[in-house]
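Please read the structure below before turning to the comments.
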Amino acid sequence: MTALKNDRFLRALLKQPVDVTPVWMMRQAGRYLPEYRASRAHAGDFMSLCMNPEFACEVTMQPLDRYPQLDAAILFSDILTIPDAMGQGLYFETGEGPRFKKVVSTLADIEALPIPDPHKDLGYVMDAVSTIRRELNGRVPLIGFSGSPWTLATYMVEGGSSKDFRKTKAMLYDNPQAMHLLLDKLAQSVTSYLNGQIMAGAQAVQIFDTWGGNLSAAAYQEFSLAYMRKIVSGLIREHEGRKVPVIMFTKGGGLWLESIADAGADALGLDWTCDIGEARRRVGSKVALQGNMDPTVLYAKPEAIRTEVGRILASYGKGSGHVFNLGHGITPEVDPEHAGAFLRAVHELSAQYHE
Ligand code: CP3
C-alpha cells in the first residue's frame, strides 16, 4: 500500500503533534455539490450510487477535488445498508427520506433476522472501500463508518425516519428483552461490517449514533452505549502497521461525555450544543475530540464563518487532539463557496495553536 501523504487526521485522533488542525465535514459528498447532483442523476438514484463501487468512488472524490484542504475522505454509503442486508428492503422516496418495506415489530420478527456476512451480503460496500483506497493513492486517509445499533434499530422499528420514535420507545419499555436481542444482533452485524471495511482499507472508523441523544440518561447507557462499547471491543485496532482509530459520535450526547469517553473509542464526535473547551477539560486526557461547528453557520457569510471557526479553535486551545468538523452533516442548501471558506479558515487560523 502507498504511504500516506497527509496523515494529520490520523495523528490528531491519536493526539500526536500536527502542523495545523485537520478538518473534514460530515456528509461532505452530498447534495450541496452540483457535481454530486449530476452523478446522482447519471446513476439514477442515491442507492445506485452506493451500490456501484465506481460511482461511490466518484462521489467520494468530488469534495476532495474541489477542496484541497480536506484532510480525510469518507466512504460514500449509508448507515442503512445493514438493515437492508438483513432483508428489510430499503428504498428512498424522493424528498421523503429512507423507508423499509418490512418493519420489525415483534420478538418473532427479531428472532428471524439474519446477521449479514459483510463479504456476501455487503460486498458492494467492501468493493467501494477498496476502489476508493486505490483511487486515493495515499492522498488522505479513508474513513469507514456504520450506524450505532440503537440508531439502526429506530429505522427498522419505525420503518423509516421518525420525529418521536414512538414504536421504538414503546418496544424498549414494553419489551426490553426483545429490544436487547435486536441491539445484540445489530452489534454483531456492525462489528463484522466495520472489520470488513478495515480489512478492505478503511483507516479509521466512525460510529454514528444519531439518535442516542434522544434517550433518557439511563436508557442511553443500557440501550445505546453498552452496544457501542461491545462493538469497539470487537474491532480490529491495527492494520497495515498503523492504529485504526475509532470515533464515537452520539448526537445530543453532551451530558454524558465522561461515560462515552470510557467506552473504548479513541475520539468523540461532538455536536454544536457543547463548548469544545469544556468538553476537553472533561474528557481530554482520555480521547481526542471531533467537531463541532453548528452546520447552519455555513448559511452565514464567509467573514462570520471565519469568526466562528476562530472561536472554536480558541476554545479548544493549544495542542493536538482536535479534528475540526461540523457538529452534524452539511445541509443541501449550503453554498459550496461557504464550505470552502470554512475549510480554509480552519487551516489558516489553527497554525498558531500548534508548535
Ligand atoms: O458523509 C459522507 O459524505 C458519507 C456519506 C453518508 C451518507 N449517509 C450519504 C447520504 C453518511 C456518513 C451517511 C450516514 C447516515 N445516513 C446517517 C448518520 C449521520 C447523520 O446524518 O446523522 C443517517 C441517520 C442516515 C440515514 C439517512 N440517509 C437519511 C435519514 C437520509 C435522508 C435524509 C437526507 O439527508 O436526505 C439518507 C440519505 C442520504 N445519505 C443522502 C446522502 C448523500 C442523501 C440522498 C440523496 O442524494 O438524495
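Throughout, numbering of the chain's residues begins at 1 and tracks the sequence. Just the heavy atoms: all of them, side chains too, but no hydrogens, waters or symmetry mates, feed the values below. When a ligand or atom number is given, it counts from 1 through the structure's own listing order.
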Query raised in the report: Heavy-atom contacts under 4.0 Å between Leu49 and ligand 1: side chain, backbone, both, or neither?
Result: neither
Query raised in the report: Quick one: nearest non-hydrogen protein atom to atom 18 (C) of ligand 1, plus distance?
Result: Thr210 OG1, 3.3 Å
**Report entry** Criterion side chain to side chain donor-acceptor pair (under 3.5 Å) on Asp45 and Ser48, from CA distance to verdict
**Finding:** CA-CA 5 Å; Asp45 56 23; Ser48 307; 2.5 Å; yes
Requested in this report: Please work out which of Phe92, Tyr32, Phe76, Phe208 has its closest non-hydrogen atom nearest to atom 38 (C) of ligand 1.
Outcome: Phe92
Query raised in the report: Should the pair Arg280 and Tyr316 be classed as cation-pi, given the thresholds of under 6.0 Å to the six-membered ring centre and 45° from the axis?
Result: yes
Report task. Kindly give the heavy-atom pair with the smallest separation between Ser189 and Pro116, and that separation in Å. Result -> OG-CD, 3.3 Å
Report summary line: atom 15 (C) of ligand 1: closest protein heavy atom, distance to 0.1 Å, is Arg27 NH2, 3.4 Å
Query raised in the report: With under 30° as parallel and over 60° as perpendicular, where do the rings of Tyr155 and Trp211 fit, or are they tilted in between?
Result: tilted
Query raised in the report: Relative to each other, are the rings of Trp256 and Tyr220 parallel, tilted or perpendicular (30° and 60° limits)?
Result: parallel
Query raised in the report: With only distance considered, is Ala29 within less than 3.5 Å of ligand 1 through an N or O on each side?
Result: yes
Report task. Indicate, as side chain, backbone, both or neither, the part of Pro332 found under 4.0 angstrom from ligand 1 when only non-hydrogen atoms are considered. Result -> neither
Requested in this report: Considering only non-hydrogen protein atoms, determine which one is nearest to atom 43 (C) of ligand 1 and report residue, atom name and distance to 0.1 Å.
Outcome: Tyr36 OH, 3.6 Å
Query raised in the report: Any protein heavy atom sitting closer than 4.0 Å to atom 7 (C) of ligand 1?
Result: yes
